[in-house]
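None of these values were measured; they are calculated from a predicted model.
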Amino acid sequence: MEEDVSPGPRPAGPSRIPGPPLRRYGPSGTPTQRSCLWVTLRHGGTPWQRLRGPAPVTPVPPRPRHAPGSGGTEAAPAEKTPGTGDPRTGPVESKTESAMSELVPEPRQKPVVPMKPMGINANLLGYIGIDTIIEQMRKKTMKTGFDFNIMVVGQSGLGKSTLVNTLFKSQVSRKSSGWNREEKIPKTVEIKAIGHVIEEGGVKMKLTVIDTPGFGDQINNENCWEPIEKYINEQYEKFLKEEVNIARKKRIPDTRVHCCLYFISPTGHSLRPLDLEFMKHLSKVVNIIPVIAKADTMTLEEKIEFKQRVRKELEVNGIEFYPQKEFDEDLEDKTENDKIRQESMPFAVVGSDKEYQVNGKRVLGRKTPWGIIEVENLTHCEFALLRDFVIRTHLQDLKEVTHNIHYETYRAKRLNDNGGLPPMTAETEENHESNL
C-alpha cells in the first residue's frame, strides 16, 4: 500500500515555500523518505512544480511487521528496488545523483602544511665542528691584516699629535716622523698622511694618521674645510675606480677616512662658528668624534658645564656625530650608544707620551706644580673612554659605517651623475687595455 502526500495549495507570491517530505512504502512495507523537496510556486495564478534539490535525509525508524511463521516482530531491512520512484520524476536514485552532481562542489585539496623546522638548540648526535668557524675567520683575518685611517682636525697647539701618539702608544704622528720645528704655519690647509704598521698579539694593523696643518690658524678661515672635504671625497673616488674595474684587485687598498677626531678649544664658553660650520659640512661624509682638548685647563665643574653646552649646541644646529642614532642596529647597541651620546660626548681628554712613577707604577701623565695628571685615570680625564671607544669597542663599526653609509652615498651619487660609471681617463684606459 502506498501513501503519497503531495504539496497542498500555497498562498500566491514570488516566494518559494518548501513542501512536506514525500514518503512511500516499498514492497516490503518499509517506509522510505524521498531525498528531494517539492515546492509549489505560483506565478500569475498558475501553479507549477520544480525540483529544488536534495534535502538532508533523516533516518526513519523501520515499520515493525510480523515475520512469517513466528509470533514476534522483526525489522525488515529497507530494499532498494531499481526504477522505484515517482512516476512524474523517474527513479529516485538517478535524480538524487544528478542533483548532487550539480549542486555539491568538488572538494578542495587541503594545502600542504610545511614541516616544522627543528629547534635551533636541537640535540646533535655528535660533534660537528660549527664552532670552529670563528677560529677560521680569525686566522684568515690575521693573515690579511687590518686597515684603519684616522684624521685629526683642529687648531695648532691643541695637542693633536700628542693625543694620537698616546692613543696608539707609539710615535705615529706627523711631528714624530721628522717634523721640523722651524716649519712655518702653512698659508692654506694642507693634508699630510703618515702610514705605520702596528703589531700587537700577532695582529697587524696598517695605521694611517692624516693631519691637517693650517686649519683655523688664519685670520680669514672662510671655507677652510673645503680642502679636507675634497681629500675625503678623493679617497672615495679612488676606491670607486678600483671597484668598477673589470679585472679588479683581490684586495682593494683602503685609503678612506674611517674616523675624524675634531678638537674643540677648551674655552669653557661655547663653540666657535668655525666649529659649527666644519662639523655641519663634514658630518655628512665622515664619522666625526668631537673631543675637548687639554681638559686639564678647566676645573671639574667647568668641564661638566662645557660638555653640556657643547651637546646642546650640536643638537640645536642639527649636527650629527658618531655614533648616529639611526645607525643603531638593535636594542643592545642603542642602549650602549645612548649612554655614550648623553654622558661621554664630547670626550674631555688629556694627552701625554711621557711616563712618570706614581705609587710604584709607570703611568702616562703630565706633571704640574700641584701633582701628576694621569692620562688613563678616569677621575682625571676621559682619555681611557675615548681609547676604548675608538679602538676596543667601535673600530670595526667605524669601518662598516664608512663603507655602508658614507661611501655608498658617494657611490650612488657619482654613478647617477655619470650614467652608471665614472669617466674614463687616459690612465684607466691604459689599465683597461693592459688587463684585456
Side-chain angles (χ1 to χ4, degrees), residues 150-154 158-160 163-164 166-167 257-351 373-402 404-406:
I150 184 171
M151 173 182 280
V152 289
V153 181
L158 292 180
K160 300 188 297 296
L163 182 67
V164 172
T166 312
L167 271 176
V257 180
H258 301 128
C259 174
C260 175
L261 295 180
Y262 186 76
F263 287 72
I264 301 171
S265 300
T267 60
H269 298 289
S270 60
L271 293 174
R272 299 176 302 167
L274 176 60
D275 302 330
L276 295 174
E277 288 297 324
F278 175 86
M279 288 188 280
K280 189 178 297 183
H281 285 83
L282 272 296
S283 62
K284 301 175 183 177
V285 297
V286 71
N287 298 316
I288 292 182
I289 299 177
V291 172
I292 299 176
K294 294 187 175 182
D296 56 332
T297 59
M298 296 185 293
T299 64
L300 295 178
E301 292 78 9
E302 291 174 346
K303 182 178 68 175
I304 294 174
E305 185 179 354
F306 187 49
K307 282 166 63 80
Q308 293 176 350
R309 188 177 295 113
V310 170
R311 282 198 297 266
K312 186 176 181 180
E313 290 185 1
L314 293 176
E315 183 180 357
V316 168
N317 290 274
I319 298 173
E320 295 184 353
F321 51 85
Y322 180 85
Q324 295 88 338
K325 294 181 180 179
E326 60 268 23
F327 300 156
D328 297 337
E329 295 182 356
D330 51 27
L331 183 60
E332 182 181 357
D333 289 349
K334 184 179 184 302
T335 304
E336 181 182 358
N337 292 337
D338 281 344
K339 185 178 180 181
I340 295 173
R341 285 187 288 259
Q342 297 171 6
E343 298 179 6
S344 301
M345 289 286 185
F347 296 97
V349 298
V350 176
I373 300 173
E374 301 178 27
V375 170
E376 297 181 352
N377 191 340
L378 288 176
T379 59
H380 294 181
C381 71
E382 297 175 348
F383 170 80
L385 295 178
L386 175 64
R387 179 200 58 202
D388 294 347
F389 176 69
V390 173
I391 300 176
R392 300 184 181 180
T393 61
H394 287 70
L395 188 146
Q396 183 62 28
D397 189 67
L398 282 165
K399 297 180 64 175
E400 290 180 359
V401 172
T402 300
N404 298 329
I405 305 298
H406 300 301

Please tabulate, for side-chain N and O atoms in residues 316-323, each donor-acceptor pair with protein atoms closer than 3.5 Å (sequence neighbours left out).
unit_1 : atom_1 : unit_2 : atom_2 : d
N317   : ND2    : E313   : O      : 2.7
Y322   : OH     : D397   : OD2    : 2.4

All N/O donor-acceptor pairs, side-chain side in residues 380-387, below 3.5 Å, sequence neighbours left out:
unit_1 : atom_1 : unit_2 : atom_2 : d
H380   : ND1    : E374   : N      : 3.0
E382   : OE1    : K307   : NZ     : 3.1
E382   : OE1    : A348   : N      : 3.0
E382   : OE2    : K307   : NZ     : 3.4
R387   : NH1    : E376   : OE2    : 3.3

| task | Start with the C-alpha gap between L163 and V152, add the side-chain angles, then the distance that decides, and say whether side chain to side chain contact (heavy atoms under 4.5 Å, CB included) holds. | result | CA-CA 10 Å; L163 182 67; V152 289; over 6 Å; no
Show your reasoning for whether side chain to side chain contact (heavy atoms under 4.5 Å, CB included) applies to H406 and V401.
-> CA-CA 7 Å; H406 300 301; V401 172; 4.1 Å; yes
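The backbone N or O of H258 sits less than 3.5 Å from a side-chain atom of N287, completing a donor-acceptor pair.
Distance check: L261 CG to I150 CD1 gives 4.0 Å after rounding to the nearest 0.5 Å. Taken to the nearest 0.5 Å, the CG atom of L395 stands 10.5 Å off from the CD atom of E400. Remark: E336 CD to D330 CG distance equals 10.0 Å, nearest 0.5 Å. Annotation: the span from I292 atom CD1 to M298 atom CE amounts to 5.0 Å, rounded to 0.5 Å. Note that the NZ atom of K312 and the CD atom of Q308 stand 10.0 Å from one another [nearest 0.5 Å]. Expressed to the nearest 0.5 Å, how far NZ of K334 lies from CG of N337 amounts to 9.5 Å.
Looking at every heavy atom in both residues, K280 comes nearest to K284 through O-CE, 3.9 Å. The nearest pair of heavy atoms linking P346 to V291 is CB-N, 4.4 Å. Residues T267 and S270 share a closest heavy-atom pair of OG1-O, 3.6 Å. Contact record, D333 with E329: OD2-CB, 3.9 Å, taken as the closest heavy-atom pair. Nearest heavy-atom pair, L398 versus V390, reported as atom, atom and distance to 0.1 Å: CD1-O, 4.1 Å. Between F306 and P266 the shortest heavy-atom distance is CE2-CA, 4.3 Å.
In summary, R311 and E315 do not engage in a salt bridge, as defined by a charged side-chain N under 4.0 Å from a carboxylate O.
Looking at L314 and M279, their side chains come closer than 4.5 Å, going by heavy atoms from C-beta outward. Counting heavy atoms from C-beta outward, H394 and I340 have side chains that approach closer than 4.5 Å. Looking only at side-chain heavy atoms (C-beta outward), F327 and N404 stay at 4.5 Å or farther from each other. Counting heavy atoms from C-beta on, the side chains of I289 and F389 come closer than 4.5 Å. In this structure the side chain of I264 reaches within 4.5 angstrom of the side chain of V310, judged on heavy atoms.
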